[in-house]
Asker: 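Shown below is the structure under consideration.
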Amino acid sequence: MPGHNHKNLSIPLNQQPLADFKVGVDNVIFSVDTAQNRLLVLLVTAQQEPFLNSWSLPGTLVRQGESLEDAAYRTMAEKIKVNNLYLEQLYTFGGLHRNLKPVYDTYEIRYLSVSYFALVRFEDAELIADKISDIAWYPVKEVPQLAFDHNKILAYGYRRLRNKLEYSPLAFDVLPARFTLNDLYQLYTTVLGENFADYSNFRARLLKLGFLSDTGIKVSRGAGRPASLYKFDADAFAAFKDKPLVFI
């Protein structure tokens with residue numbers, strides 16, 4: 001078929017022409033809905049063939065003079081409004097046919113995706129709808145078949161998120177400046193599941209590490225007794241920064 005290039009594979013690799021790449025970013029944007037104990041991911045509808053109107057991760061091609069990180073932030077800013085978030089480069093996906101369905105088998109242009117993952121709190125994020133594509137939060141466990149290789153990117157991002165929660169202060173980038181230990185515990189259980197640790201052990205372990213400061217302020221929620229508000233002490237955490245550390 002036109003554009004099919006398998007016959008060139010008999011040519012030694014060092015004599016093959018250089019690949020023609022387009023570079024884009026794809027964002028795996030997670031939100032934590034602690035009220036309903038759901039981990040959600042932001043999906044939009046793809047606007048190009050061969051996946052027109054299929055659900056996909058929000059992404060964009062990188063513009064002239066734009067850094068990869070700026071492109072990732074631009075894509076986020078076009079889809080959600082949020083103050084507290086965590087953003088990190090995830091992985092680079094560059095398979096030969098990652099942008100195409102099998103029937104479109106061609107080597108003409110390769111699409112390289114530098115993926116990022118982000119974490120926000122559900123109640124803090126306001127979706128920005130446009131007239132071109134649909135946009136929705138999907139429970140991670142109910143995500144449909146996505147366009148391109150985005151299910152693979154999502155799975156990779158989910159693994160990274162779970163791992164980061166276990167050894168880094170990721171949660172404090174998305175929590176308010178002052179939070180209760182139960183707020184923190186609810187974020188962890190939403191991502192990691194109800195059985196990752198019981199509350200008393202979780203509380204004792206984190207307080208023993210010494211980088212949570214009691215603000216002396218208490219807050220009443222519901223019928224229970226008032227709970228202390230804590231803040232993350234970045235200076236106290238600095239001693240742990242380059243050491244193996246398990247939060248849970």
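What you are looking at is a predicted structure, and each value in this text was computed from that prediction instead of being measured. All residue numbers in this chain count up from 1 along the given sequence.
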Asker: Once you round to the nearest 0.5 Å, how far does OH of Y188 lie from OG1 of T34?
Answerer: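 Taking OH in Y188 and OG1 in T34, the distance rounds to 14.5 Å.
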Asker: Checking R121 side chain against L175 main chain: does a donor-acceptor pair fall under 3.5 Å?
Answerer: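 Not confirmed, R121 side chain does not pair with L175 backbone.
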Asker: Could you check whether atom OH of Y86 has more than 12 heavy atoms from other residues, nucleotides or ligands sitting under 6.0 Å from it?
Answerer: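 Atom OH in Y86 is packed in, count exceeds 12.
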Asker: In Å and rounded to the nearest 0.5 Å, what is the CG to CZ distance from L170 to R160?
Answerer: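 Result: 11.0 Å between the selected atoms.
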Asker: What about F196 and F202, are their ring centers closer than 6.0 Å?
Answerer: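 Distance test on ring centres: under 6.0 Å, yes.
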Asker: For T75 and N27, does a side-chain donor sit closer than 3.5 Å to a side-chain acceptor?
Answerer: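 No - no donor-acceptor pair under 3.5 Å links their side chains.
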Asker: Can you see whether D198 engages S200 through a side-chain donor-acceptor pair at a distance of less than 3.5 angstrom?
Answerer: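 There is such a pair (donor and acceptor under 3.5 Å, judged by atom type) between the side chains of D198 and S200.
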Asker: Charged N to carboxylate O under 4.0 angstrom, R162 versus E166?
Answerer: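 Here R162 does not pair with E166 in a salt bridge, since their nearest N and O are not under 4.0 Å apart.
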Asker: Please check if atom CZ in R203 has more than 12 non-hydrogen atoms from other residues, nucleotides or ligands closer than 6.0 Å.
Answerer: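 No - once you tally the heavy atoms of other residues, nucleotides and ligands closer than 6.0 Å, there are 12 at most.
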Asker: Please say which of L192, D33, L187, V32 ends up in a side chain to side chain contact (heavy atoms under 4.5 Å, CB included) with L39.
Answerer: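 By the side chain to side chain contact (heavy atoms under 4.5 Å, CB included) criterion, L39 pairs with just one of L192, D33, L187, V32: V32.
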Asker: For residues 230-240, run the donor-acceptor check on the side chains, cut-off 3.5 Å, and write out each pair with its distance to 0.1 Å, sequence neighbours left out.
Answerer:
{"unit_1": "D233", "atom_1": "OD1", "unit_2": "D235", "atom_2": "N", "d": "3.1"}
{"unit_1": "D233", "atom_1": "OD1", "unit_2": "A236", "atom_2": "N", "d": "3.1"}

Asker: Within a radius of less than 6.0 Å around CG of N195, do more than 12 heavy atoms belonging to other residues, nucleotides or ligands occur?
Answerer: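 No, CG of N195 has 12 or fewer neighbouring heavy atoms, counting only those of other groups under 6.0 Å.
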Asker: Suppose we call two aromatic rings close when their centres sit under 6.0 Å apart. Are F179 and F172 close by that rule?
Answerer: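 Judged by ring-centre distance (under 6.0 Å), F179 and F172 do meet the cut-off.
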Asker: As a test of understanding, state which of D124, L119, V82 forms a side chain to side chain contact (heavy atoms under 4.5 Å, CB included) with V174.
Answerer: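 The option that passes is L119.
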Asker: Are the side chains of M76 and L85 in contact, using a 4.5 Å heavy-atom criterion?
Answerer: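 Result yes, sub-4.5 Å side-chain heavy-atom pair found.
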Asker: What pairs with Q145 under side chain to side chain donor-acceptor pair (under 3.5 Å), at least two apart in sequence or on another chain?
Answerer: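 Side chain to side chain donor-acceptor pair (under 3.5 Å) check on Q145 returns N151.
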Asker: Among residues at least two apart in sequence or on other chains, which ones pass side chain to side chain donor-acceptor pair (under 3.5 Å) with Y185?
Answerer: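 Checked Y185 against side chain to side chain donor-acceptor pair (under 3.5 Å); zero matches.
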Asker: Taking atom CG of N83 as the centre, report whether more than 12 heavy atoms of other residues, nucleotides or ligands fall under 6.0 Å from it.
Answerer: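 Not more than 12 within 6.0 Å, no.
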Asker: Salt bridge check, D173 against K164: does any charged N sit closer than 4.0 Å to a carboxylate O?
Answerer: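 The answer is no: the pair does not qualify as a salt bridge.
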